[in-house]
Protein chains: 2
Amino acid sequence: MAFHLIRKLEQFTRLSSDDKRILEQAASLKVRRLGSREDIFREGDKPRHINLILDGWACRYKVLEDGRRQITALLIPGDLCDVHMFILTRMDHSVGAITPLSVAEIPTDTILEITHGSARLSRAFWWNSLVEEAIAREWVTNLGQREAIERVAHLFCELFLRLRSVGMTNSQASCPSFELPVTQEQLADATGMSTVHVNRTIQEMRERGLIVWKGKTVTIPDLEALQDVALFNANYLHLDHAGQAYDANEP
Amino acid sequence: MAFHLIRKLEQFTRLSSDDKRILEQAASLKVRRLGSREDIFREGDKPRHINLILDGWACRYKVLEDGRRQITALLIPGDLCDVHMFILTRMDHSVGAITPLSVAEIPTDTILEITHGSARLSRAFWWNSLVEEAIAREWVTNLGQREAIERVAHLFCELFLRLRSVGMTNSQASCPSFELPVTQEQLADATGMSTVHVNRTIQEMRERGLIVWKGKTVTIPDLEALQDVALFNANYLHLDHAGQAYDANEP
DNA sequence: AACAAGGGATAACACAGGTTAACGAAGGTC
DNA sequence: GACCTTCGTTAACCTGTGTTATCCCTTGTT
């Protein structure tokens, strides 16, 4: 059940079969299912447990008094909602389902046991948090400096790489593709644009042959071209496998 | 020397005199001084130690290939640059001095000793990281949803509260003020606006009586009015003192 | 089969904010 | 004291993006 998480963490460090068993177990304790547009938790809630996305897409978002909404992160299978958030008394944002969702609810005590029991898993969780922070910084840059087409292209590049790192892309025939179960309105909330302009921008990306988007499937004919348009530099995702390799001497 | 950090962490939990002594010691091991516009570290560097801002202002920033620059965070005394960043192999952004700066360089081993030695300090560091993340999410929202005057007003509100939480504001005469050693160009890089439009926006804020900004001093005649313009909600700063109080039984 | 609802696509128009350029004030240097 | 550089200010003009309003298509419902 924790397949995606394990696969993601192994971008950072190899895990022992013990580590994997521990994660599998934690992820199977309690599984919650939500319909799309339901919230996993809301701003103001007390953090109760760690949520691990098992299946489906979700988003972090904040809503201003007057209703304007910003999606601050897109969450895909394998994403952990804030390993240490339990330290805070109240959530300062909400997380909602984009598609129907299965979420593992992992008690904070279980997380603490895991991190105390395995230095490797503890470091892997840290790495995971650091990457999340790096993504947030990149989003700030994206919203602050990139114009519409660059911004959307950048988001597509990021999603493609993140999905690939958990095995959720198709790359047969040299033309990579992935499922994007997101409406243009949600894309607008994520990029700080209006829906109309998201649509215009998508049209332009199609005309320029940067993407093919039919139904829920996005195909990227030329990843390099898309990255060039986006001024995309993948270093912030830290997918370089350069962390410490699994050392067989460690338990 | 670690005065500001201690004061900030005590927003979350009371610290014992032992905790404070440990922090003081760590902060005095090695102090580095930089001139304004020098970098503490650059994108691509290996993280070597944890940097604690003792005195002066700094900023995290990212630069796109074509030179566009986004400031993703403003750092003030008491701010720690990424307690756990040493897990990553390369920095994905730079941190530069805005004013002349003193920075304590704390070895990663020292940080690990501290967190292993004191559960309270460990939690306090986590709280600190979580607040930094929350600020990053708020900046995403700021850039994505707020228009110019709201955006600048929001930044001023945030800075005021953060400075106040480390004792760096003046509140005599019911009219709070603080030192803002930041140029309009840097403000532009932080808010994703052009310098010209930052200036226009500042002028409007002055006309509307929201701020007085002379030299490096900003005065806020009516904080509530400023917060209203900014659609500001302070919950993301988690300054509520609601964390666990200091328990005398803990070491 | 008829209907409703959500999502995508377009067009026309408006305006917030970017760009360029020029000038002045303040502060640092020799 | 003269010079230079950085920063703030302002004006004129331009453009990217938001707004409003339709229309169409798809999908699910009864």
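Order of the sequence lines sets the chain letters (A, B, ...), proteins ahead of strands, with each chain counted from 1.
- Contact of the L231(A) side chain with the R68(B) side chain is registered, since non-hydrogen atoms from C-beta on lie closer than 4.5 Å.
- Using a 4.5 Å heavy-atom cutoff, the side chains of Q11(B) and L237(B) are not in contact.
- Of the residues in residues 141-151 of chain B, those with a non-hydrogen atom less than 4.0 angstrom from any atom of DNA chain C are E147(B), A148(B).
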Practice item. Applying salt bridge (Lys or Arg N to Asp or Glu O under 4.0 Å), run through R200(B) and E204(B) and close with a yes or a no. Key: CA-CA 6 Å; R200(B) 282 196 278 249; E204(B) 187 183 342; over 6 Å; no

Check your understanding: salt bridge (Lys or Arg N to Asp or Glu O under 4.0 Å) between R42(A) and D39(A): does it pass, once the steps are laid out?
Key -> CA-CA 7 Å; R42(A) 293 225 177 89; D39(A) 285 324; 2.6 Å; yes

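- Rounding to the nearest 0.5 Å places CD1 of I220(B) at 6.5 Å from SG of C157(B).
- Within residues 57-69 of chain A, no residue is approached by DNA chain C to less than 4.0 Å at the level of any non-hydrogen atom.
- Near DNA chain D, meaning a heavy atom under 4.0 Å from it, residues 192-201 of chain B has V196(B), N199(B), R200(B) in order of number.
- Among all heavy-atom pairs drawn from I202(B) and W213(B), the shortest one is CD1-CZ3, 3.6 Å.
- For DNA chain D, the span of nucleotides reached by chain B at under 4.0 Å from its heavy atoms goes, 5' to 3', from dC7(D) to dA12(D).
- When T201(A), D189(A), V196(A), V198(A) are each tested for a side chain to side chain contact (heavy atoms under 4.5 Å, CB included) with Q184(A), only one passes: V198(A).
- Residues L101(B) and G56(B) approach most closely at CD1-C, 3.4 Å, considering heavy atoms.
- Between the CE atom in M91(A) and the CZ atom in F41(A) there is a gap of 3.5 Å [rounded to 0.5 Å].
- A 4.0 Å heavy-atom criterion places the boundary nucleotides of DNA chain C facing chain A at dG7(C) to dA12(C), written 5' to 3'.
- Counting only N and O atoms by type, the side chains of N170(B) and E179(B) include no donor and acceptor under 3.5 Å apart.
- Side-chain polar atoms of E138(B) and H93(A) form no donor-acceptor pair below 3.5 angstrom.
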Residues 158-169 of chain A side chain polar contacts: donor-acceptor under 3.5 Å, at least two apart:
| residue | atom | partner | partner atom | Å |
| --- | --- | --- | --- | --- |
| E158(A) | OE1 | W139(A) | NE1 | 3.1 |
| E158(A) | OE1 | Y236(A) | OH | 2.7 |
| E158(A) | OE2 | W139(A) | NE1 | 3.2 |
| E158(A) | OE2 | R162(A) | NH1 | 3.1 |
| R162(A) | NH1 | L74(A) | O | 3.3 |
| R162(A) | NH2 | L74(A) | O | 2.7 |
| R162(A) | NH2 | D79(A) | OD2 | 2.9 |
| S165(A) | OG | R162(A) | O | 2.9 |

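- The CG atom of N51(A) sits 9.0 Å away from atom CG of L80(A), with the distance rounded to the nearest 0.5 Å.
- For the atom pair CG of D92(A) and NE2 of H238(B), the computed distance is 3.5 Å after rounding to the nearest 0.5 Å.
- The closest side-chain donor-acceptor pair between R33(A) and S102(A) falls under 3.5 angstrom.
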